Structures are given as C-alpha cells and as structure tokens.
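Working notes, structure below.
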Amino acid sequence: MRANDQVAAALAKLVLLTQLEDGSAQSFRTRAYDRAANAIRALPEDVSTLDLAELRAIDGVGDSTAKKIREYLETGHMKSLDELSAKYPDEFVAMLRVPGVGPRTAITLRDKLGIESIDQLREAVAAEQLRELPGLGAKTEEKIGTAIDKLGLAGKDRRMPIGPTLRIANGLVEDIGAIDGVSAVRYCGSLRRFRDSIADIDVLVVADGADEAVDADEAAGVDEAVDAAVADARESIQVDVRVVEPDQWGSASLYFTGSKEHNIALRQRALARGWMLNEYGLMDEDTVVASATEEDIYRALDLDFIPPELREDLGEIEAAAEGNLPDLVDVDDIRGDLHVHSTWSGDGRSSLEDMVAAAAGRGLDYIAITEHAEDLSINGLSRDQVAEERAVLDELRGRYPELAILHGSELNIDPDGGVDYDAAFLAGFDWGVASVHSHFDLPAEKQTQRIITAMENPAVSVIGHLTGRKLGRRPGIELDFDAVLDAAAATNTALEINSHLARLDVPADLLIRARDRDDVRYTISTDSHDVTEFANIRWGVQNARRGWVQRSQVVNTWPLADFLAWAG
DNA sequence: GCCGTTTTCGGCCCGACTGTTTTCAGTCG
C-alpha cells in the first residue's frame, strides 16, 4: 500500500477513536483529523518524502497532525493512536458500523451495560436491556436489533459498484419522469459525481404545485406514485427521494449532489459574504440571492460552474475562483475508438462488419480493431487469422471511406513485460494496445516493471485497462503509479481510460493523482465486444472528467492527422 | 485541531428525522 494510503488509514482510525473519546462525530478535533486524512489521501506527492514543514504546508494539516504523521512514518506507530486503541478495541469500535449507533450510544452501552462488541450488543437487545437506558427506548432497541441482523446488507459502509447502480437509477429516473405532475427528475449524490462505488441512490424530483395548498392532493398523489416507482429498487439498494419546488432545483441539486466536503466549503464561502447556503437557496437574511439553478449559485459565489464530477473539495473551488478549472473532455470531443473487438476474438459478440458499421454510424472519424492476441489461448488470433482479418479490413475500408480503420491488436503483457508475436510481425500492425490479463497477484515491484517493459516495446502505443480491476469482483494489480507515469511520459505511451462500467480503469483516484502531469497522454476507449457497447464511451468520459483529465491530453479527441502523427 | 479580506483567539455548515423528551440529544446525510 502507498505510504499516503497507510497514513490516511491511520488518521481515519484516529477519527473513529476520537469520536468515541470526544463523544461526538462533530467535534472539532475529529473533523480536523478527518480533513487531514482526506488531504493526505489526495496528495499527489509521496507523503513519506515530506519533512515537518512540508507536511504543515498541506491545507488541513497543522502542527499536531504533522508531528503525528512523521512519528508514524518513522516508527510505524502513533502514540495517541495506540493509547486510544487500547482504550477502544477494534471489536468495540465496530459497533459504530451499526446504523443508529453513534459515539454517544456506544459509550453509554459500555458504561451502563458493559457491552464491548456487536455480539454482546445483539445479546443485550435480545434480553431487552437497551430500553432501560437513559435516552434509549423500546423503539431504538428494536431498530438496533434489526440493523444488526441486516448488517452487511445495510451497514453504514456498504457500497455497490456503479454499474448495477446506474442501471437501477436510470430506470428510476425514467419511471419517475413519466409520473403525472413531475416536471423534472435527476439522480444526484455520488452517482452524479461518478464515484465508482455507491452507497445509495439520491433522486431529486420537481413536482408542479408541490408548494401550493390548493394542489396538496395532487402533490400527495405524486409522492405516492414516486414511492411506488422506487419500491422495487429499494429491495437492492437504499433509495432517497426528495421532492422540491421548481425554484429550488438548483440549490437542492447542489445540496443533494454533494460531496459533503464540497458543500461545507461552499457554505463557508457563503458565510464569508454574510449569506447562508442550504438546500432551499443561497440566502441573504430572508432574501433569496440564488436558488433556481446550480449555475446561478456558483455565479453568485464568484465561482465558475463546477461540474459534478469535480465536487470533492480537492481544489476545485479554489480553481473555480481563479478561473483555472481544467478544460474537461466531453462525449462530443471523442473522434475515435481505439480498443474494439469483434467475433474474430473468441469473446466478441458482434461481427467485424457490424462493429465497423456501428462505428461509422456513430460518426466516428477513426477506430482501431484490436482483437485479442495469440497468447490468450481461448480468445486470441493466430498469425494466420491476423492476416485473414487484415484482408477483410482492406475490403471494409473501401466501403467506409469516411472512417479510418486501423488494424491493431490487444496484446497480452506476460509476467516479464513481454507481449505476443515477434517484432517483425508486430510491425505489421497499425496500433498496439497492451494489457494485463493474467498474473494479477505479483508484487507491486514486479507489476510495475512488467508494465514499464511493455511501454518500452515500440509496438505498444497504449496500456489497456491499467490495473485490471473488476469493480466489486477483483481489486486490480498493485503498482507504483508514479513510476508508471514517468515511463508513460518517457516512452510516449498513452494510458487507456477503459469505459466499461465494470472496469473504469485507470481509476479516477489515480487520474486525480496525475492531474498535474501534462506530459502524460490518455486514450478513452470502449473495449467494445458488441455494437451496443460503443455507447459506453460516455462512462469513460465521465471517469476521465472525475480524474481532472484535460481534453488536450486525450489523443482520440485529436483530428485524425494529429492522432496519426502522434501514434507514428 | 486548524486557521486568518472578521480573527494569532475564537470561531468552526446546515437541516431533517427519530425518539425521547416537557425543550432536546443523537444520528444521519
């Protein structure tokens, strides 16, 4: 694990322990540690190389936390963390994961009933002991009991991969939008910010006349219809719905989209101007300064519009204040798709002819057909098959003169960084994607080296789905990302941003870490295996946006001639 | 614990909901 992640994890644990110590999740100390943890996690530099003064220079890290970090880096321990850990063992801290149990309740349970773990808590609920405690009652006891039984299904930290969540959310938006009296609907929350895992779906609805007493019946009807529309989805994920008035669309969207940290920073900015910001509007006493659109509110706060994908309080507010937001890529900017399979690959589902027709139909200027290569035993193309496909492509080029068709290959990076075929054969391809498809468990050093070796191969123009992760299923390989970035720049090899919702790879968290590296190039491609998957490009674009990737860094936004000149 | 177009001391985002209350504490987002 990266030193930054280790330090952030230690500070995150300190947050939990301090919540218990202070009896509040909102104590200033707790929030300070939390802020520091986030800052360290998002820091592009390696935290272990920073001295005390450099640590203090980080926004959110002061004297005390800087010393704790140095102590941790030098000794592997933090005295205050060790002391609190002894006082609050992991078993006890785990009780905070139960919905309804916060720091106060946890302490009360221990002081009055001697409860030290979730198991003991379950027993106390069964024995109806909780209802005797001050501030608790039978209802709370029952709620906690139910929450424990569903833990894992409904725990505070349960998250779902974005793919299935998006499908559910898009269905909800469609169903709710069709309800009589609903004039606008959108999903918000971390889904709109395009995080790759989601805890709940937040849906914002505008219902005509929701605010007028005369239309109370109609408003109630909308509420009922909305409830019915989300009932099924609630079987699989938490769904929060909020119905608002039309003139609150902007402030409610902002509030509901978050992130929490972004909202807090915006509210502080409002306070500095003598205003107050909440979900109902940006207010000057009783006067509404702005509320109808998010654009209005940002403008009133002297900020450029901040796209949802950037709203994490990772510097976007400062950038917006200075007019320095990154020039993000849009779906319409994408001119080519550089990672495409067909049934020539064993796992392809649409014919080559159909794939090319679909690409042309989408108005793309260029595509690279990149079937699996021979070392992928089940799916890969033999040399003879490569030659056959090339002949077919020649014929297709005649049929689609507006579409430049490159013949590429998706090569397999072996454990030592070698790829399929031989140098002479590789030279026959127009384009080379190289990807990891095996040996996911090698140590980071070895993984990093195999990627770098592949980059040094002249036949390799881009590394496909860098980490090989499958969201919710496979974690992805360990690697030294900074070394990979250095090699990418040095060898002029792009990094692919894979658009498939199960991958979204390079992960946005890594892209953010690379945001100051304008020497790194990217492709955004679909890795399509059938004609429907070309539409996935929008997810790759959103992932790139979340990663602060600049439009100019994405080579397949470039005109064909520029792209070909770069690709050599 | 952090920080400064209001501050080196005195503030620190805002509101809903629930359940326990007789005016509010705790939890959650």
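Below, chain A is the first sequence line, B the second, and so on; all start at residue 1. Being a predicted model, the structure only gives us computed values, none of them experimental.
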For nucleotides [N] and [M], find the distance between their [atom1] atoms and express it as a whole number of Å.
N      : M      : atom1 : result
B/dT20 : B/dC14 : P     : 29 Å
B/dT23 : B/dC13 : C1'   : 23 Å
B/dC12 : B/dC17 : P     : 25 Å
B/dA16 : B/dT8  : P     : 34 Å
B/dG15 : B/dT7  : C1'   : 27 Å
B/dT6  : B/dC2  : P     : 23 Å

Is it true that [Y] and [X] share a donor-acceptor pair across their side chains at a distance under 3.5 Å?
X      : Y      : result
A/T467 : A/D505 : yes
A/S24  : A/S27  : no
A/R193 : A/S259 : no
A/S197 : A/R159 : yes
A/S48  : A/D46  : yes
A/T18  : A/R29  : no
A/N38  : A/R41  : yes

In whole angstrom, what separates [X]'s [atom1] from [N]'s [atom2]?
X      : N      : atom1 : atom2 : answer
A/R131 : B/dT21 : CZ    : P     : 13 Å
A/L11  : B/dG1  : CG    : P     : 12 Å
A/I58  : B/dC2  : CD1   : C1'   : 14 Å
A/Q19  : B/dG26 : CD    : C1'   : 12 Å
A/D63  : B/dT8  : CG    : P     : 18 Å
A/M95  : B/dG26 : CE    : C1'   : 15 Å
A/L191 : B/dG29 : CG    : C1'   : 16 Å

Within the 4.0 Å heavy-atom criterion, would you say [X] contacts the bases, only the backbone, or no part of the nucleic acid?
X      : answer
A/P103 : sugar-phosphate
A/D59  : sugar-phosphate
A/K68  : sugar-phosphate
A/T105 : sugar-phosphate
A/G189 : nothing
A/D200 : nothing
A/A138 : sugar-phosphate

Which side-chain hydrogen bond (donor to acceptor under 3.5 Å, both in side chains) pairs, counting each pair once, include a residue from residues 3-15 of chain A, with sequence neighbours left out?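 Sorted result for residues 3-15 of chain A: A/K13-A/D90.
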Taking side-chain hydrogen bond (donor to acceptor under 3.5 Å, both in side chains) as the cut-off, I'd like each qualifying pair that reaches into residues 280-291 of chain A, sequence neighbours left out, listed once.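 Qualifying pairs, neighbours excluded: none.
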Strictly under 3.5 Å: I want the nitrogen or oxygen pairs between protein and nucleotides 9-18 of chain B, one per line.
unit_1: B/dC13; atom_1: OP1; unit_2: A/R31; atom_2: NH1; d: 3.4
unit_1: B/dC13; atom_1: OP1; unit_2: A/R31; atom_2: NH2; d: 2.2
unit_1: B/dC13; atom_1: OP2; unit_2: A/R31; atom_2: NH2; d: 3.3
unit_1: B/dC13; atom_1: OP2; unit_2: A/Q268; atom_2: NE2; d: 2.8
unit_1: B/dC13; atom_1: O2; unit_2: A/R267; atom_2: NH1; d: 2.0
unit_1: B/dG15; atom_1: OP1; unit_2: A/N278; atom_2: ND2; d: 3.1
unit_1: B/dA16; atom_1: OP1; unit_2: A/Y280; atom_2: OH; d: 2.9

A/T18 side chain near B/dG1 phosphate (N/O to OP1/OP2, under 4.0 Å):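 For B/dG1, OP1/OP2 do not have a side-chain N/O of A/T18 under 4.0 Å.
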So, does A/T65 get its side chain near the phosphate of B/dG1, meaning an N or O under 4.0 Å from OP1 or OP2?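 No, outside the criterion.
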Nearest nucleotide by nearest heavy atom, which residue falls closer to the 5' end of DNA chain B, A/R29 or A/L133?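 So the residue in question is A/R29.
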DNA chain B: 5'-proximal contact among A/G60 and A/L96 (nearest heavy atom):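 Result of the comparison: A/G60.
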For B/dT8, which nucleotide in any strand shown is its Watson-Crick or wobble partner with both distances under 3.5 Å?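 B/dT8 is paired with nothing.
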